[in-house]
Amino acid sequence: MGLSLVRSRALLGLEATEVTVEVHLANGLPSFTLVGLADVEVKEARERVRCAIQNCGLEFPNNKRITVNLAPADLPKDSGRLDLPIALGILAASGQIDGARLGDYEFAGELSLSGALRPVRGALAMALALHTGQVVSRLVLPPDSAEEAALVPDSHVYRARHLLDVVRHFALPNASLLPGVDADTAAFSDGADEEGWTRVVAAAPSTRAHLADMADVKGQTGPKRALEIAAAGGHSVLLSGPPGSGKSMLAQRFAGLLPDMSCEEALQSAAIASLGGRFSMQRWGQRPTCSPHHSASAVALVGGGSPPRPGEISLAHHGVLFLDELPEFPRAALEALREPLETGTITIARAARRAEFPARFQLIGAMNPCPCGYLGSSTHACRCTPDQIHRYQSKLSGPLMDRIDLHVEVPAMPASDLLNAPCGESTDGIRQRCAQARERANNRQGKTNHALAGQEIDAHVLLDAAAAKFLQAAAAQLGWSARGTHRTLKIARTIADLAGAQSTQLAHVAEAMQYRRRGLAGS
């Protein structure tokens, strides 16, 4: 009886684990059994595969007992990515294609009832898994998924539009006997430029996307300076001010201040976007900006589900997470940000499985000073009671506030200043200074200043004696925590890098302290 093996991959978090699709045809009562911890979408592949094979004019072994095993048996499999491997396994086991040639390839793709191949999510993660594990294999993927996977350097990716395109490539010498397959297209070489079967070499877009310009923001010199420091050092920011002062406008332009992504960063960011079904070739190499609504749950922010999916913090990896109306988010969602802000990763643990996603994002939060938004305003009277103000500001816990580096007031601009003020500095000029500061930090320590920890702070901050004495006195007087003091040191190091200074001086520490004074309960 016929036995065939076809290789594919299943997604578990950001990992793409190899799966072997074993197909066995035997005599007995006709049946189609699928085993190997398959989810509902995978079990439905039986009907899709049957119809696709028959509608392509190929022979489906209806009179055989078909057993499909997805190994390893304890690895969950979901989505329709295994449709194509299952169909090829049945065709190979029934002698309609050359099963021996399938061993050099890995396949993934969802089949339509007509046999056309549909894109699958996580294609880039599959190609990254081959690249990272140094596995010599070729990927066969549907359109769009193939272009996505080809972004990985040195990858061997082939695009197939239809099940028959794959069948023709792996046809036996007597392929002319197969219905729907002619001898001329039965066995063309790997380098052939057929419309259906094509080697894909993706060319990443070389132009930088047009982003909103910081020159649109008039005035607000202080908040702009804080965002420049944040972009240069990888720091998180909390913007506080009355409605209409420009908090959201500043935050939406922050991503343009960040330096261009390296190839490795772009691949990591794109792989996570692919898992979430958000990848687009037009956004390749762009730092992502995620801005969930304040009704988002903790699971939506940090990820979860079964199997685990990345949340907004992972989708913002190497980019920006903008949380507008920060106190309006559920308390559980905000507290869930504390660990990833510190470690840059999020681990989602379930009873049977655990998945780890990267989450090194820059948090930009925006909030009003009180529920009505006009506390301290000179033009509007605040209608909130002291108890309402206390409850509103208490929604942000001391530990969370302690993990936000820069606390910035965004005052309302008078109408006269708004109408008469000239345009501000453009994004390009600010980004150039931020890139130079980051380059100094990377040359010195191999990472951004925000990522410094432990002994690295003492080794790379290079604090002057006068600055150290000043900071020690200020920290004792203000009652800062060790984390608050360390974050002030890292902000001061970034300010020194922007100034091109070798050491961190008193002026740099004094400016850094201005961004750590507000709302640090318990720091």
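Heads up: numbering here begins at 1 and tracks the sequence.
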_Under a 3.5 Å distance rule, please check whether R431 uses its side chain to pair with a backbone N or O of A231 as donor and acceptor._
no

*asked:* As a quick check of understanding, evaluate side-chain contact (heavy atoms from CB on, under 4.5 Å) for L3 and V23, giving each step before the final call.
replied: CA-CA 6 Å; L3 176 66; V23 180; over 6 Å; no

*Go through the steps for V35 and L70 under the test side-chain contact (heavy atoms from CB on, under 4.5 Å), then give the verdict.*
CA-CA 6 Å; V35 297; L70 308 177; over 6 Å; no

_Is a donor from one side chain sitting under 3.5 angstrom from an acceptor on the other, for S262 and E264?_
no

*Give the C-alpha distance, both sets of side-chain angles, the deciding distance and a yes or no for side-chain contact (heavy atoms from CB on, under 4.5 Å) between T33 and V68.*
CA-CA 6 Å; T33 305; V68 178; over 6 Å; no

*What are the two closest non-hydrogen atoms of I348 and G304, and how far apart are they?*
CD1-N, 3.5 Å

*With R360 via salt bridge (Lys or Arg N to Asp or Glu O under 4.0 Å) - residues at least two apart*: none

*R81 with E41: basic N within carboxylate O range, under 4.0 Å*: no

*Side-chain contact, heavy-atom cut-off 4.5 Å: H293 with E325?*
no

_Check whether S145 reaches the backbone of L141 with its side chain - one donor and one acceptor, N or O, closer than 3.5 Å._
no

*Spacing of I53 atom CD1 and S94 atom OG [to the nearest 0.5 Å]*: 7.5 Å

*asked:* Strictly distance-based, threshold 3.5 Å: is any side-chain N or O of R283 a donor or acceptor partner for the main-chain N or O of F279?
replied: no

*Can you tell me if CZ on R65 sees more than 12 non-hydrogen neighbours from other groups inside 6.0 Å?*
no

*asked:* Just verifying a value: how many Å separate T67 OG1 and L34 CG, rounded to the nearest 0.5 Å?
replied: 9.5 Å

*asked:* Between N442 and K447, is there a side-chain donor-acceptor contact under 3.5 Å, judged purely by atom types and distance?
replied: no

*Would the number of heavy atoms belonging to other residues, nucleotides or ligands and lying under 6.0 Å from CD of E342 be above 12?*
yes

*Can you name the closest pair of heavy atoms from A127 and A149 and give their distance?*
CB-O, 3.5 Å

*Heavy-atom side-chain contact between L130 and V136 under 4.5 Å*: no

*State whether E147 and R199 are salt-bridged, where the test is any N-O pair (Lys NZ or Arg NE/NH1/NH2 against Asp/Glu carboxylate O) under 4.0 Å.*
no

_Rounded distance [0.5 Å steps], CG in L315 versus CG in L321_ = 10.0 Å

*Within-4.5 Å side-chain heavy-atom neighbours: E59 and Q54*: no

*Looking at side-chain heavy atoms only, is the closest gap between R138 and Y158 below 4.5 Å?*
yes

*May I ask you to decide if K490's main-chain N or O and T494's side chain share a donor-acceptor pair within less than 3.5 Å?*
yes

*Donor-acceptor pair between D104 and S137 side chains, under 3.5 angstrom*: no

*Give a yes or no on whether the backbone of A453 and the side-chain of E456 come within a donor-acceptor separation of less than 3.5 Å.*
yes

*Quick one: CG on N55 to CZ on R50, what's the gap to the nearest 0.5 Å?*
12.0 Å

_Lys/Arg N to Asp/Glu carboxylate O, E18 vs K77, below 4.0 Å_ = no

*Would you confirm whether R403, through its side chain, and L337, through its main-chain N or O, come within 3.5 Å as a donor-acceptor pair?*
no

*Determine the minimum heavy-atom distance between F361 and A316, stating which atoms define it.*
CB-O, 3.4 Å

*Is the closest side-chain heavy-atom distance between F254 and T289 below 4.5 Å?*
no

_Rounded to the nearest 0.5 Å, what separates atom CZ in F32 from atom NZ in K64?_
15.0 Å

*Is it true that the side chains of R9 and T17 contain a donor and an acceptor less than 3.5 Å apart?*
no

*Check whether any side-chain N or O of S269 sits under 3.5 Å from a backbone N or O of A266 as a donor-acceptor pair, and report yes or no.*
no

*Regarding T448 and H450, is there a side-chain donor-to-acceptor distance under 3.5 Å anywhere?*
no

*To the nearest 0.5 angstrom, please state how far the OG1 atom of T347 sits from the CD atom of E356.*
4.0 Å

*Which heavy atom in L172 sits nearest to a heavy atom in I97, and how many Å separate them?*
CG-C, 3.8 Å

*Main-chain N/O of M249 paired to R253 side chain as donor or acceptor, under 3.5 Å*: yes

_Within the 3.5 Å criterion, strictly below it, is a donor on H235 or Q362 matched to an acceptor on the partner's side chain?_
no

*Side chains of L14 and P358: closer than 4.5 Å at any heavy-atom pair?*
yes

Please list every donor-acceptor pair under 3.5 Å in which a side-chain atom of residues 108-126 meets a protein atom from a residue at least two apart or in another chain.
{"from": "S112", "atom 1": "OG", "to": "S114", "atom 2": "N", "distance (Å)": "3.4"}
{"from": "S112", "atom 1": "OG", "to": "S114", "atom 2": "OG", "distance (Å)": "3.0"}
{"from": "S112", "atom 1": "OG", "to": "G115", "atom 2": "N", "distance (Å)": "3.4"}
{"from": "S112", "atom 1": "OG", "to": "A116", "atom 2": "N", "distance (Å)": "3.0"}
{"from": "S112", "atom 1": "OG", "to": "A116", "atom 2": "O", "distance (Å)": "3.2"}
{"from": "R121", "atom 1": "NH1", "to": "L275", "atom 2": "O", "distance (Å)": "3.1"}
{"from": "R121", "atom 1": "NH2", "to": "D78", "atom 2": "OD2", "distance (Å)": "3.1"}

*May I have the step-by-step check of side-chain contact (heavy atoms from CB on, under 4.5 Å) for H169 and Y105, ending in yes or no?*
CA-CA 12 Å; H169 186 77; Y105 295 81; 3.5 Å; yes

*For R487 against L341, the heavy-atom pair lying closest together*: NH2-O, 4.5 Å

*Does any donor atom in the side chain of S397 or E335 lie under 3.5 Å from an acceptor atom in the other side chain?*
yes

*Can R159 and E148 be said to form a salt bridge (Lys or Arg N to Asp or Glu O under 4.0 Å), step by step?*
CA-CA 11 Å; R159 179 185 63 222; E148 176 185 322; over 6 Å; no

*Does some side-chain heavy atom of L139 sit less than 4.5 Å from a side-chain heavy atom of S155?*
no

*asked:* Going by the rule side chain to side chain contact (heavy atoms under 4.5 Å, CB included), which residues pair with V299 if we only count those two or more places apart in sequence or in a different chain?
replied: S297

*asked:* Looking at every heavy atom in both T427 and G256, which two are closest together, and how far apart are they?
replied: CG2-O, 3.3 Å

*So, does D402 use its side chain to make a donor-acceptor pair with the main chain of G398 at under 3.5 Å?*
no

*So, the side chain of S274 versus the backbone of A270: is there a donor-acceptor pair under 3.5 Å, distance only?*
no

_Heavy-atom check, side chain of F170 versus side chain of L88, under 4.5 Å_ = no

_Between N449 and R444, is there a side-chain donor-acceptor contact under 3.5 Å, judged purely by atom types and distance?_
yes

